[in-house]
There are 2 protein chains.
Amino acid sequence: MARPTIADIAERAGVSKGAVSFALNGRPGVSEETRRRILAVADEMNWRPHRAARSLGNSRAGAVGLILSRPARTLGLEPFFGQVVSGLQAGLAEDGTALQLLVVEDPEAEMAAYRNWTAEKRVDGFVLLDPLIDDPRFPALEALDVPVMVLGGPLPDTSLSYSWADDSEAMHEAVDYLAALGHRHVVHVAGMPQFLHTKRRMDVLTEAKARHELAEVVSIPTDYSDSEGAVITRRVLSRRERPTAIVYDSDVMAVAGLGVALEMGVRVPQDLSILSFDDSLLARLTHPALTALTRDTQGWATEAARELLRLIADPSLTVRHPSSTPVLVPRESTAPPAGH
Amino acid sequence: MARPTIADIAERAGVSKGAVSFALNGRPGVSEETRRRILAVADEMNWRPHRAARSLGNSRAGAVGLILSRPARTLGLEPFFGQVVSGLQAGLAEDGTALQLLVVEDPEAEMAAYRNWTAEKRVDGFVLLDPLIDDPRFPALEALDVPVMVLGGPLPDTSLSYSWADDSEAMHEAVDYLAALGHRHVVHVAGMPQFLHTKRRMDVLTEAKARHELAEVVSIPTDYSDSEGAVITRRVLSRRERPTAIVYDSDVMAVAGLGVALEMGVRVPQDLSILSFDDSLLARLTHPALTALTRDTQGWATEAARELLRLIADPSLTVRHPSSTPVLVPRESTAPPAGH
DNA sequence: CATTTGCGGGCTTTCTACGGC
DNA sequence: AGCCGTAGAAAGCCCGCAAAT
């Protein structure tokens with residue numbers, strides 16, 4: 001026996017397809033009694049609407065896209081992505097909307113995927129991660145005229161919607177904390193320099209140098225890999241004038257850096273404080289556990305997903321959604337520098 | 001200007017819709033010259049087939065489902081899931097097929113989702129993780145008569161397809177290695193007892209006890225959480241007769257266990273060897289780095305995805321796909337026990 | 001053989017007809 | 001005659017394919 005359709009229900013209930021449709025969608029046009037009868041029949045036949053058929057009619061795909069141009073391995077390596085994916089999924093599931101995930105090798109493929117998925121009406125909107133400085137994706141997506149929610153911001157000069165957390169404020173908190181502990185030589189092992197949030201964090205650091213009269217503050221951009229994190233750490237710890245504190249832009253790099261410190265006999269936190277601008281299980285499982293700026297990434301993504309759904313429902317909206325600022329969680333990897 | 005349809009192309013090229021369809025799908029029925037002209041117009045108008053329309057016709061959804069009944073956080077915590085998701089995605093993307101992910105709270109919701117998604121024709125098939133002993137999902141999915149690929153196996157008494165890695169063999173290798181190093185007291189911090197692979201690993205251990213004349217081999221089931229891993233480790237290390245080696249069923253638990261050892265002043269690997277039956281960045285970033293059974297989880301998932309696509313193309317198939325056995329990678333956390 | 005016509009797939013929605021006041 | 005609520009008929013969404021030209 002094949003899957004039942006509204007035509008089957010209509011026949012069984014002795015009404016027309018149209019009446020069935022109205023009844024099932026809770027729209028006016030049928031009497032209460034007819035509605036009840038139709039619903040009973042539909043339930044009895046265990047009917048569910050055919051997704052494709054519904055999409056074809058109302059031109060809603062019932063899915064949103066998340067396209068990442070990172071090495072495919074990244075998803076398994078960076079806890080951040082798992083949190084974002086499950087957070088988005090949770091927000092979308094409330095609505096029965098699906099998440100379509102695509103991992104591509106380069107930004108060109110990413111742009112092509114936006115165009116294709118939009119042209120195919122495969123998705124109703126997109127979630128964007130890691131906004132760049134002068135991000136070429138923004139004008140492209142504005143031209144496509146498709147609902148987009150960017151995770152990160154604030155974004156200058158764009159009509160795209162975004163959900164942002166104040167990581168400038170968070171970085172302030174981190175530097176203030178280190179300065180208060182007495183650190184004057186701080187190194188920032190940053191993320192990709194083209195990322196907007198990387199720039200924002202680096203700016204805060206530059207500014208903090210003057211404010212706190214720090215002796216040295218350097219930001220060193222990386223590709224977020226554990227190996228680069230380790231290399232940079234090894235390099236800065238090999239200098240005559242060692243930093244007394246290092247801030248890492250991801251916990252993966254922070255853990256790698258901690259490993260280098262151990263390997264070089266640099267004690268954490270006595271000789272070196274380590275602070276991670278990113279928190280996950282990773283940061284909590286190391287010894288010493290890492291002081292970190294933590295936030296509810298998953299909850300953030302869930303909220304963003306809800307906003308995207310609103311945006312899809314009403315494309316005239318522009319959302320500027322503030323989410324909670326990352327919070328400093330002191331653990332065992334930070335302390336006053338030696339001699340303080 | 002709205003999205004172009006084949007009708008628009010037909011009009012512009014001065015032919016009928018049918019001719020356009022033949023041309024675009026590379027079927028006979030149009031002359032070479034007409035075909036070229038049609039393709040040129042389609043390209044110029046940047047046409048892509050409407051997903052829903054295509055699905056409706058050929059009754060392929062162009063997506064497969066992955067439904068997980070685990071706490072939503074798990075996805076961000078366990079690197080395994082990120083690897084599986086990105087691996088599946090890679091295999092499916094080759095075909096333009098999408099991956100639909102759903103994280104639910106309990107097994108009932110999982111079963112309901114299988115039924116709904118099948119009834120809605122939302123997906124063409126499913127990927128199943130973590131097969132259980134007497135798994136209730138199997139008969140349910142067999143009844144739904146939908147293509148399914150189980151990640152894990154071999155599975156007794158089922159017509160479902162699966163892709164399996166020989167983790168019995170891998171566990172043998174691990175125990176043989178520890179025995180060869182001279183360990184006689186081994187504890188196995190296992191995963192969920194209802195998981196088939198947990199049982200299989202526990203069985204190997206029981207059997208190994210006799211074979212190697214070990215003094216003690218215990219398997220202790222857990223929920224895979226870092227906290228349970230830590231609790232169990234603390235407990236067994238507090239006994240009068242400590243084990244000299246612990247095998248963990250996940251690297252998250254292994255890292256947590258390593259932390260407990262450090263906290264208790266138990267030196268790794270001098271006083272205690274740690275072996276993780278699961279490998280990820282996590283196991284490599286700790287100090288000492290963890291000896292682990294490693295496998296290409298992502299590649300495994302990619303192969304499974306390809307098999308599932310074959311299965312969808314030809315539902316009469318039954319796939320029993322062997323993938324490579326996990327391999328022991330000795331790192332710094334294992335050594336002969338004291339006095340050897 | 002090249003091309004057109006037209007239907008099917010399942011659902012939504014608009015338009016029209018009907019019966020009752 | 002005119003208005004209401006209800007229900008049926010049919011068009012439309014877009015593509016693929018079979019049958020007809």
Side-chain angles (χ1 to χ4, degrees), chain A residues 1-39 41-42 45-62 96 116-124 313, chain B residues 1-39 41-42 45-62 96 116-124 313:
Chain A
M1 92 201 170
R3 166 176 188 291
T5 72
I6 52 166
D8 299 323
I9 298 174
E11 191 185 1
R12 184 94 77 101
V15 295
S16 74
K17 287 195 314 173
V20 174
S21 178
F22 287 139
L24 292 169
N25 292 307
R27 311 179 131 269
V30 286
S31 66
E32 257 326 296
E33 205 225 300
T34 315
R35 183 187 304 275
R36 254 199 307 280
R37 196 172 75 243
I38 293 173
L39 288 178
V41 172
M45 298 180 87
N46 197 27
W47 175 89
R48 296 291 128 113
H50 191 298
R51 280 243 107 207
R54 176 169 273 182
S55 298
L56 187 58
N58 69 9
S59 78
R60 280 277 175 79
N116 288 343
W117 285 16
T118 306
E120 293 174 5
K121 289 234 180 195
R122 193 188 184 113
V123 293
D124 298 317
Chain B
M1 94 203 171
R3 165 178 186 292
T5 72
I6 52 169
D8 300 323
I9 298 174
E11 191 185 1
R12 183 93 80 99
V15 293
S16 73
K17 284 194 322 173
V20 173
S21 179
F22 287 141
L24 291 170
N25 293 305
R27 320 181 121 264
V30 285
S31 67
E32 257 328 295
E33 206 224 300
T34 316
R35 182 187 305 274
R36 255 199 308 279
R37 195 172 77 245
I38 293 173
L39 288 179
V41 173
M45 299 180 88
N46 196 28
W47 176 89
R48 295 294 127 113
H50 191 298
R51 278 247 108 202
R54 178 170 269 185
S55 296
L56 187 57
N58 68 11
S59 76
R60 282 275 176 80
N116 288 342
W117 286 15
T118 305
E120 294 173 5
K121 291 231 179 197
R122 193 188 185 115
V123 294
D124 298 317

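B:Ser21 comes within 4.0 angstrom of a nucleotide base, judged by non-hydrogen atoms across all strands. Residue A:Ser55 is classed as having no contact, given no heavy-atom separation below 4.0 Å to the nucleic acid. In this structure, A:Lys17 reaches the bases: a heavy-atom distance under 4.0 Å links it to at least one base atom across the strands shown. At a threshold of 4.0 angstrom between heavy atoms, the contacts of A:Thr5 are confined to the sugar-phosphate backbone, with no base atom among them. Across all strands, A:Val15 comes closer than 4.0 Å only to sugar-phosphate atoms, never to a base (heavy-atom distances). Residue contacts for A:Arg51: at a heavy-atom cut-off of 4.0 Å it reaches no nucleic acid atom on any strand shown.
Between A:Thr34 and D:dT6 there is no side-chain N or O to OP1 or OP2 distance below 4.0 Å. Listed pair B:Arg54 / D:dG16 meets the phosphate criterion, a side-chain N or O lying under 4.0 Å from OP1 or OP2. An OP1 or OP2 oxygen of D:dC15 is reached within less than 4.0 angstrom by a side-chain nitrogen or oxygen of B:Trp47.
Taking atom CZ of A:Arg37 as the reference point, atom C1' of D:dA7 lies 11 Å away to the nearest angstrom. For the pair A:Arg27 CZ and D:dA7 P, the interatomic distance rounds to 16 Å; values are reported in whole Å. Rounded to whole angstrom, the span from the CD1 atom of A:Ile6 across to the C1' atom of D:dG8 amounts to 13 Å. Here the C1' atom of nucleotide D:dC14 and the NZ atom of A:Lys121 are 11 Å apart, to the nearest Å.
Panel note: side chain B:Asp124, backbone B:Gly62; a donor-acceptor pair is recorded below 3.5 Å. A side-chain donor-acceptor contact under 3.5 Å links A:Arg35 to the backbone of A:Arg27.
Of the candidate nucleotides D:dC14, D:dC17, D:dG8, D:dG8 has the atom nearest to the side chain of A:Ala19.
Between the side chains of B:Asn46 and B:Arg3, no donor-acceptor pair of N or O atoms lies under 3.5 Å.
The residues B:Glu33 and B:Arg36 are annotated as not salt-bridged, no charged nitrogen and carboxylate oxygen being separated by less than 4.0 angstrom.
Scanning DNA chain C 5' to 3' for nucleotides with an atom closer than 4.0 angstrom to a non-hydrogen atom of chain A gives a first and last hit of C:dG10 to C:dT14.
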The test is side chain to side chain contact (heavy atoms under 4.5 Å, CB included); show your working for A:Arg37 and A:Val15 and say whether it passes. CA-CA 10 Å; A:Arg37 196 172 75 243; A:Val15 295; 3.4 Å; yes

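Nucleotide D:dA1 has no partner under the Watson-Crick or G-U criteria, as no pair reaches both atom distances under 3.5 Å.
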